[in-house]
Student: 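Would you mind keeping the following structure in view while I ask a few things?
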Amino acid sequence: MLGTFDRAAAQRGYQVYRQVCASCHGLKHVRYQYLQKIGFSKAQVKAIAAEYQVRDGPDDEGEMYDRPGKPSDTFVGPYKNKKAAQAANNGSYPPDLSLITKARAGGADYLYALLTGYQELPPANVDLVPGKYYNPYFPGGQIAMAPPLLEGVVTYDDGTVATPKQMAHDVTTFLAWASEPELEQRRRLGIQWLIFLSIFTIVCYLLKRSYWKIIKKKSSNS
Ligand code: HEC
């Protein structure tokens, strides 16, 4: 009930998203400033946002223009639109990952299993479509995404060894957080309410007892 996200894992997971997944997958419901909730400093978030170019406008001449990202912007995706994304991926669409752990049955467990579940050789009875990869966790078993987490694809800033399993765990933690950035706050508020309600109940009970004492005294006197 008190569950919080592992900050260090979520930060490493951001690094995996940024260096691997972000070239194909957007995160359009997440604002850069949310990253402060998993422990990035204000200055770090500002620098992260500024790495992106955001389309803004129109300016006084009526033209749209690009400017560096601000912490209040949402993540800029890799493609202009869905068609461009499909064109770059052999017709398959890499879905936005903002809500992925909520959008799939199994949530975070499914995501971790998918990322670690690729098999180089499909079973003999499976005819692999060209351009697809065998992954028994994906519905139908054939996915258009090449295994993204290969040994050495990321070097962690904090010194953790980036094995494929470690990266899958970290990016899953990050994406589970991304789909519910308010979760910790909501839980905290819920607990504050529970404490308040318990105290309120005790106060009501004590009041009721003392009132009834007076009422009983009065009615036995009359
Ligand atoms: C080179 C591009 C590319 C990269 C890099 C990439 N993906 Fe994908 N991803 C795709 C494509 C294309 C699909 C659609 C697959 C399909 O429909 O067969 C996909 C699908 C997915 C799905 C959806 C599976 C489902 O149930 O529909 C998830 C989740 C996912 N990717 C996660 C990730 C994560 C996490 C990373 C980073 C570790 C990543 N991807 C890196 C291209 C990519």
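Order of listing sets the numbers, starting from 1, for every ligand and every atom in it.
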Student: Indicate yes or no: at least one non-hydrogen side-chain atom of L27 is less than 4.5 angstrom from one of F174.
Tutor: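 L27 reaches F174 side chain to side chain.
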
Student: With the threshold set at 4.0 Å, does a side-chain nitrogen-carboxylate oxygen contact exist between K70 and D56?
Tutor: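 Here K70 does not pair with D56 in a salt bridge, since their nearest N and O are not under 4.0 Å apart.
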
Student: Mind listing the closest non-hydrogen atom pair of W177 and Y34 along with its distance?
Tutor: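 Nearest pair, atom of W177 first, then Y34: CZ2-O, 3.3 Å.
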
Student: Which residue and non-hydrogen atom of the protein lie closest to atom 25 (C) of ligand 1, and at what distance in Å?
Tutor: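 Checked against all protein heavy atoms, atom 25 (C) of ligand 1 sits closest to R104 NE, 3.2 Å.
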
Student: Residue-level breakdown please: for N90 versus ligand 1, do any non-hydrogen atoms fall below 4.0 Å on the side chain, on the backbone, on both, or on neither?
Tutor: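 For N90, no heavy atom sits under 4.0 Å from ligand 1.
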
Student: According to the side-chain hydrogen bond (donor to acceptor under 3.5 Å, both in side chains) rule, which pairs have a member within residues 86-97, sequence neighbours left out?
Tutor: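 Residue pairs with at least one partner in residues 86-97: Y79-N89, D96-S98.
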
Student: What's the shortest distance from atom 5 (C) of ligand 1 to any protein heavy atom, and which residue and atom give it?
Tutor: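 For this ligand atom, the closest protein heavy atom is V20 O, 3.4 Å.
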
Student: Is the contact between S23 and ligand 1 made by the side chain, the backbone, both, or neither, using heavy atoms and a 4.0 Å cut-off?
Tutor: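 Looking at S23 and ligand 1, just side chain atoms fall under 4.0 Å.
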
Student: Minimum heavy-atom separation for P164 to L149, with atom names?
Tutor: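 Nearest heavy atoms, P164 then L149: CB-O, 3.5 Å.
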
Student: Note the single closest protein heavy atom to atom 26 (O) of ligand 1, along with its residue, its atom name and the distance in Å.
Tutor: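 Nearest protein contact, heavy atoms only, for atom 26 (O) of ligand 1 is Y110 OH, 2.5 Å.
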
Student: Please answer whether the main-chain N or O of F5 pairs with a side-chain N or O of R7 as donor and acceptor at a distance below 3.5 Å.
Tutor: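 Yes; at least one donor-acceptor contact below 3.5 Å.
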
Student: Identify each donor-acceptor pair in which a side-chain atom of residues 109-132 lies under 3.5 Å from a protein atom, sequence neighbours left out, and give them as a table.
Tutor:
{"unit_1": "T116", "atom_1": "OG1", "unit_2": "Y112", "atom_2": "O", "d": "2.7"}
{"unit_1": "Y118", "atom_1": "OH", "unit_2": "M145", "atom_2": "O", "d": "2.7"}

Student: Where is the nearest protein heavy atom to atom 29 (C) of ligand 1: which residue, which atom, and how far?
Tutor: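 Of the protein heavy atoms, L111 CD1, 3.5 Å lies nearest.
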
Student: Below 4.0 angstrom from a heavy atom of N89, which ligand 1 atoms are there? Numbered from 1 as shown, please.
Tutor: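 Every atom of ligand 1 under 4.0 Å from some heavy atom of N89: 2 (C), 12 (C).
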
Student: Pick whichever of Y93, Y133, Y17 has a heavy atom sitting closest to atom 14 (C) of ligand 1.
Tutor: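 Answer by nearest heavy atom: Y93.
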
Student: Main chain of T155, side chain of Q15: is a donor-acceptor contact present, judged purely on distance under 3.5 Å?
Tutor: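 Here the side-chain-to-backbone pair exists.
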
Student: Considering only the protein, which heavy-atom contact is closest to atom 18 (O) of ligand 1, and what is its distance?
Tutor: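 Of every protein heavy atom, A144 N, 2.8 Å lies nearest to atom 18 (O) of ligand 1.
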
Student: Quick check: closest heavy atoms across A108 and T172, and the distance to 0.1 Å?
Tutor: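 Here A108 and T172 meet closest at O-CG2, 3.4 Å.
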
Student: Output all residues satisfying side-chain contact (heavy atoms from CB on, under 4.5 Å) with T163, sequence neighbours left out; order by chain, then residue number.
Tutor: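 Once residues adjacent in sequence are excluded, the partners of T163 under the side-chain contact (heavy atoms from CB on, under 4.5 Å) criterion are E151, V161, K165, Q166.
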
Student: Among the protein atoms near atom 8 (Fe) of ligand 1, how many are N, O or S and lie under 2.8 Å away?
Tutor: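 Under the 2.8 Å cut-off, the count stands at 2.
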
Student: Is ligand 1 under 4.0 Å from a heavy atom in the side chain of I100, in the backbone, in both, or in neither?
Tutor: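 It is the side chain that touches ligand 1; the backbone stays farther off.
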
Student: Considering only heavy atoms from C-beta outward, does the side chain of M167 approach that of V171 to under 4.5 Å?
Tutor: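 They are not in contact (no side-chain heavy atoms under 4.5 Å apart), so the answer is no.
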
Student: Would you mind running through ligand 1 and noting each atom that sits below 4.0 Å from a heavy atom of L149?
Tutor: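 Result: 38 (C).
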
Student: Please name the residue in the list K28, Q33, H29 that meets the side chain to side chain contact (heavy atoms under 4.5 Å, CB included) test with R31.
Tutor: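 Only one of K28, Q33, H29 forms a side chain to side chain contact (heavy atoms under 4.5 Å, CB included) with R31, namely Q33.
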
Student: Please report which non-hydrogen protein atom sits nearest to atom 17 (O) of ligand 1, along with the residue it belongs to and the distance in Å to one decimal place.
Tutor: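 The answer is F138 CZ, 3.9 Å.
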
